[in-house]
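Just so we're on the same page: letters track the sequence lines, and every chain starts at 1. Source: prediction; values computed, not measured. FYI, side chains are in, hydrogens and waters are out, and symmetry mates aren't considered; it's all heavy atoms of this structure.
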Number of protein chains: 2
Amino acid sequence: MKHSHKRDAICEVLKAKRDHPTADMICERVREKYPEISLATVYRNLSQLCSDGAIIKIGAAGRERYDIDTSDHTHFFCEACGEVYDIFSPLELYGLANAECEIGGKINFAHITFRGQCKNCIRKENN
Amino acid sequence: MKHSHKRDAICEVLKAKRDHPTADMICERVREKYPEISLATVYRNLSQLCSDGAIIKIGAAGRERYDIDTSDHTHFFCEACGEVYDIFSPLELYGLANAECEIGGKINFAHITFRGQCKNCIRKENN
DNA sequence: TCAAAAACGATAATCATTATTGTTTTTGTT
DNA sequence: AACAAAAACAATAATGATTATCGTTTTTGA
């Protein structure tokens, strides 16, 4: 896996702030270092990094978000502030075995997203 | 919840074949009864039915699919044949409590999708 | 019966993403 | 270093799903 400078910069951005940015958030951030980078380049590299297995899309319908943490984990979208949090409890907790059993097939990939209100937003609400 | 004729027909289609069709699959099927229906009408009614809580989008990135079963349940996409199956085991099995605990927030909605190979496709492969 | 509201079809617009194209940069080899 | 081939790039056009607009038709309910 060789990386071009821009592709490296995209990875750096994803490492620096783990807030699961969208393609254009990534583009903005990379532009601090490479002001001329094109959104097309960002998309091209993101899909390349995905197929290399270096990053993942988290599967948000309508507007994708990217994550450099490719380990099995789960996401929580706060509907109040829009923040996306990671949940690192092991996936077995999420009933994979049960699902496989019910469906009688083989699960390769689990896409689990929770939506709700995060700690901070609940606290704010109670003021 | 009053329904127009076309809106009714959309619900009928969703009830008749629970294969989680996309908007244009629904449009095709409704056209058997109302050949003149426009795709825009299908989309307009689908989003209305969603906000009424009569149906749900299952959240497939890039190409949405709709489900008239609004009870808590989970989906399994077969990557081989493209079929979408339901998994009706109770959501508690999928670690909601654990996730809420880890995140310290309140979960309103769980979106759980598994991908893999279904029974039939595994069988076919082993021929 | 008739006016207001809702729904409609056709089509234009939007938005995220992907493809194309001609140019620039990088790489590996003499 | 020189240079040809490969990879990456910016700009922009194209795509595909979905949403918005608009003028017309249908439904509703007083």
When rounded to whole Å, the NZ to P distance for the pair B:Lys6 and C:dG9 reads 4 Å
Keeping the roles fixed (side chain from B:Gln117, backbone from B:Ala80), state whether a donor-acceptor pair exists under 3.5 Å. no
Are any of the side-chain heavy atoms of A:Pro21 and A:Leu14 separated by less than 4.5 Å? yes
Quick test of your reading: applying ring pair (Phe, Tyr, Trp, His ring centres under 6.0 Å), list the pairs with at least one residue in residues 50-71 of chain B, sequence neighbours left out, ordered by first then second residue. none
Sort and list the pairs that fulfil ring pair (Phe, Tyr, Trp, His ring centres under 6.0 Å) and have at least one residue in residues 6-25 of chain B, not counting sequence neighbours. B:His20-B:His75
What pairs with B:Ser51 under side-chain hydrogen bond (donor to acceptor under 3.5 Å, both in side chains), at least two apart in sequence or on another chain? none
Within residues 76-85 of chain A, the residues having a heavy atom closer than 4.0 Å to DNA chain C are none
Please report the closest heavy-atom contact between A:Phe114 and B:Ala99, naming both atoms and the distance. CE1-CB, 3.5 Å
Rounded to the nearest angstrom, tell me the gap between atom OH in A:Tyr34 and atom P in D:dA8. 14 Å
Using distance only, find each side-chain donor-acceptor pair of residues 27-41 of chain A under 3.5 Å and give its atom names and separation, not counting sequence neighbours.
{"unit_1": "A:Arg29", "atom_1": "NH1", "unit_2": "A:Asp19", "atom_2": "OD1", "d": "3.0"}
{"unit_1": "A:Arg29", "atom_1": "NH2", "unit_2": "A:Asp19", "atom_2": "OD2", "d": "2.7"}
{"unit_1": "A:Arg31", "atom_1": "NE", "unit_2": "A:Ile37", "atom_2": "O", "d": "2.9"}
{"unit_1": "A:Arg31", "atom_1": "NH2", "unit_2": "A:Ile37", "atom_2": "O", "d": "2.7"}
{"unit_1": "A:Glu36", "atom_1": "OE2", "unit_2": "A:Lys6", "atom_2": "NZ", "d": "3.3"}
{"unit_1": "A:Ser38", "atom_1": "OG", "unit_2": "A:Ala40", "atom_2": "N", "d": "3.1"}
{"unit_1": "A:Thr41", "atom_1": "OG1", "unit_2": "A:Arg44", "atom_2": "NH2", "d": "3.2"}

In the hydrophobic clustering that connects Ile, Leu, Val, Met, Phe, Trp and Tyr at side-chain heavy-atom distances below 4.5 Å, which members other than B:Ile56 occupy its cluster, ordered by chain and number? none
Rounded distance (Å) that lies between atom P of D:dC9 and atom CG of A:Leu46: 11 Å
Rounded to whole Å, CG of A:Asp8 lies from C1' of C:dT25 at a distance of 15 Å
Measure the distance from CG on A:Leu49 to P on D:dA8 and round it to the nearest whole Å. 11 Å
What string of B, S and - do you get for nucleotides 10-18 of chain C 5' to 3' if you count protein non-hydrogen atoms under 4.0 Å? BB----SBB
Give the rounded distance in Å between these two atoms: CZ of B:Arg7 and P of C:dA5. 17 Å
Return the polar atom pairs (N/O with N/O) between nucleotides 21-23 of chain C and the protein under 3.5 Å, or none.
none

Other ILVMFWY residues reachable from B:Phe109 by side-chain steps of under 4.5 Å: none
Electrostatic pair A:Asp69:A:Lys15 at N-O distance under 4.0 angstrom: no
Contact under 4.0 Å: B:His3 side-chain N or O vs C:dA7 OP1/OP2: no
Is A:Arg18 close to A:Ile68 at the side-chain level, that is, under 4.5 Å between some pair of heavy atoms? yes
Considering all heavy atoms, the nearest B:Ile58-B:Glu64 contact: N-OE1, 3.5 Å
Taking the hydrophobic residues Ile, Leu, Val, Met, Phe, Trp and Tyr, and joining any pair whose side-chain heavy atoms are under 4.5 Å apart, which ones share a cluster with A:Phe88? none
Euclidean distance, atom CD of residue A:Gln48 to atom P of C:dA19 [Å, nearest integer]: 13 Å
Side-chain atoms of A:Thr41 come closest, of C:dA7, D:dA10, D:dA8, to D:dA10
Please determine whether a side-chain nitrogen or oxygen atom of A:His5 lies at a distance below 4.0 Å from atom OP1 or OP2 of D:dC9. no
For the helix from C:dT1-D:dA30 to C:dT30-D:dA1, figure out the bend between the end axes, five pairs an end, and round to 10 degrees. 30°
If you group Ile, Leu, Val, Met, Phe, Trp and Tyr whenever their side-chain heavy atoms sit less than 4.5 Å apart, what else falls in with A:Ile122? none
